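All values reported here derive from a predicted model rather than from experimental measurement.
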Amino acid sequence: MRRGTIQELWSYRELAYFLAWRDVKVRYKQTVLGVLWAAIQPFFTMVIFTMLFGKLAGISTDGIPGPVFYFSALVPWTYFSSTVTNAGTSLLTNRGLLTKIYFPRIILPAAAAISTLVDFLIGSVFLIGFIIYYQVPLGWNLLLWPALVVLLILLAFSVGMLFSALTVKYRDVRYVLPFAIQVLLFATPIIYPVSMIPDRHQWLLALNPLSGLIEAFRHVVAPSQTVHWNFLGFSAAITVAVLVAGMVYFKRTEKAFADIV
């Protein structure tokens, strides 16, 4: 079943690209700043975090310049939260397509994951600007970046796909999803470093697959940031588990999507 789903995604990849490009154009249509909004959101969030948690609360950034510490985490976080939100409601927002023509329904959450990559890439360009401004030295760990991006995409797509199927069957899920993402923000080491958590409690943080990813993204742009490879291993294992479980559940329920929506 999993292999068949992957083959369907590949066969209909052009439709996924078309829907993704449609989402990008709709998102920035008739906006003054256009795609710059992709960087404005994490930028102002970074400013607030730097002032509130860095300056006023005095939360450690492990020797990393505050803007680099927060922005390097906010770029992947913004991609994850946007993808899960858009993918989670993709079946409901495209109910007209579901009832008119046949195509693999999994294309819709996949298109959401592709479209938000534009925002991620723009945010990454701004992150490079911060790295240059603060003269943060880079090393060979930069080679980890592509692998981390792939893992991030798979995790966001997997969670979004699972929620999209649940949202069709249980409409309450679309109200729970924004709250769950908000809670996850504070359960992920974005505002604080992992070193702030006592060693005996860090295993709880490792249960969140985003913890290892966010920490690894920081390690890529700031080599002085310690990376816990066991955290990243947990992230990869949980991502694979959610991907398989999401595909199985999605395939079992997709036949009824057109009737329910």
Side chain Thr167, main chain Gly88, donor-acceptor under 3.5 Å: yes

Test item: Tyr249 and Met161 side chains (from C-beta on) under 4.5 Å apart, heavy atoms: no

Nearest heavy-atom pair of Gly212 and Leu232: which atoms, and what distance? O-CD1, 3.8 Å

Do Trp77 and Ile40 sit in one hydrophobic cluster, given that two such residues count as connected whenever their side-chain heavy atoms are within less than 4.5 Å of each other, even indirectly? yes

In the structure I gave you, are the side-chain heavy atoms of Ile190 and Phe49 within less than 4.5 Å of one another anywhere? yes

Determine, stepwise, if the pair Met46 / Phe69 fulfils side chain to side chain contact (heavy atoms under 4.5 Å, CB included). CA-CA 9 Å; Met46 176 271 294; Phe69 178 86; over 6 Å; no

Could you go step by step and tell me if Met51 and Leu56 meet the side chain to side chain contact (heavy atoms under 4.5 Å, CB included) rule? CA-CA 6 Å; Met51 298 301 297; Leu56 297 180; 5.8 Å; no

When you look at CZ of Phe234, are more than 12 heavy atoms from neighbouring residues, nucleotides or ligands closer to it than 6.0 Å? no

If you compare all heavy atoms of Ser90 against all heavy atoms of Ala87, which two are closest, and at what distance to 0.1 Å? OG-O, 2.7 Å

Could you walk me through whether Asp119 and Thr78 pass the side chain to side chain contact (heavy atoms under 4.5 Å, CB included) test, one step at a time? CA-CA 9 Å; Asp119 297 357; Thr78 301; 6.0 Å; no

Pairwise side-chain contact, Phe120 with Thr83, heavy-atom cut-off 4.5 Å (strictly under): no

Atom pair CZ (Arg174) and OG1 (Thr93), whose distance is rounded to the nearest 0.5 Å: 10.5 Å

Working to the nearest 0.5 Å, report the span between CD1 of Ile238 and OG of Ser211. 9.0 Å

Do Tyr175 and Leu166 sit in one hydrophobic cluster, given that two such residues count as connected whenever their side-chain heavy atoms are within less than 4.5 Å of each other, even indirectly? no

Any non-hydrogen side-chain atom of Gln202 less than 4.5 Å from a side-chain atom of Phe231? yes

Taking all non-hydrogen atoms of both residues, which atom of Leu91 and which atom of Ala165 are closest, and how far apart? CD1-N, 4.2 Å

With a distance cut-off below 6.0 Å to the six-membered ring centre and an angular limit of 45° from the axis, does Arg105 pair with Phe250 as a cation-pi contact? no

Least distance between heavy atoms, Leu108 atom then Leu19 atom: CD2-CD1, 3.7 Å

Determine whether a donor-acceptor pair (N or O, by modelled atom type, separation under 3.5 Å) exists between the side chain of Thr61 and the backbone of Ile64. yes

Which pair of non-hydrogen atoms, one from Val242 and one from Ser158, has the smallest distance, and what is that distance? CG1-CB, 3.7 Å

According to the side-chain hydrogen bond (donor to acceptor under 3.5 Å, both in side chains) rule, which pairs have a member within residues 121-136, sequence neighbours left out? none

Of all heavy-atom pairs linking Val136 and Ala222, the shortest is CG1-CA, 4.1 Å

To the nearest 0.5 Å, what is the distance between CG (Leu117) and OH (Tyr79)? 4.0 Å

Any non-hydrogen side-chain atom of Val176 less than 4.5 Å from a side-chain atom of Tyr170? no

Among the clusters formed by ILVMFWY side chains lying less than 4.5 Å apart, do Met196 and Leu74 turn up in the same one? yes

Applying ring-ring contact (aromatic ring centres under 6.0 Å, His included), which residue pairs with at least one partner in residues 200-220 are found, sequence neighbours left out? Trp145-Phe217

List the steps, then state whether side chain to side chain contact (heavy atoms under 4.5 Å, CB included) holds for Leu151 with Leu155. CA-CA 6 Å; Leu151 191 58; Leu155 178 61; 5.7 Å; no

Point-to-point distance, once rounded to the nearest 0.5 Å, from OG1 of Thr45 to CD1 of Ile191: 10.0 Å

Can you tell me how far apart CZ (Phe126) and CZ (Phe43) are? Round to the nearest 0.5 Å. 8.5 Å

State the OG1-CZ distance between Thr85 and Phe80, to the nearest 0.5 angstrom. 9.0 Å

Under a 4.5 Å cut-off applied to non-hydrogen side-chain atoms, are Phe157 and Ile106 in contact? yes

Are Leu152 and Val125 connected in a single hydrophobic cluster, I mean Ile/Leu/Val/Met/Phe/Trp/Tyr linked by side-chain heavy atoms less than 4.5 Å apart? no

With a 4.5 Å cut-off on side-chain heavy atoms, are Ser235 and Leu210 touching? no

Under a 4.5 Å side-chain heavy-atom rule over Ile, Leu, Val, Met, Phe, Trp and Tyr, are Tyr17 and Val26 clustered together? no

Ser72 and Leu127, any side-chain heavy atoms less than 4.5 Å apart: yes

Could you name each residue pair satisfying side-chain hydrogen bond (donor to acceptor under 3.5 Å, both in side chains) that touches residues 177-198, not counting sequence neighbours? Asp62-Ser195, Thr188-Asn208

Determine whether the side chains of Ser82 and Thr116 contain a donor N or O and an acceptor N or O closer than 3.5 Å. no

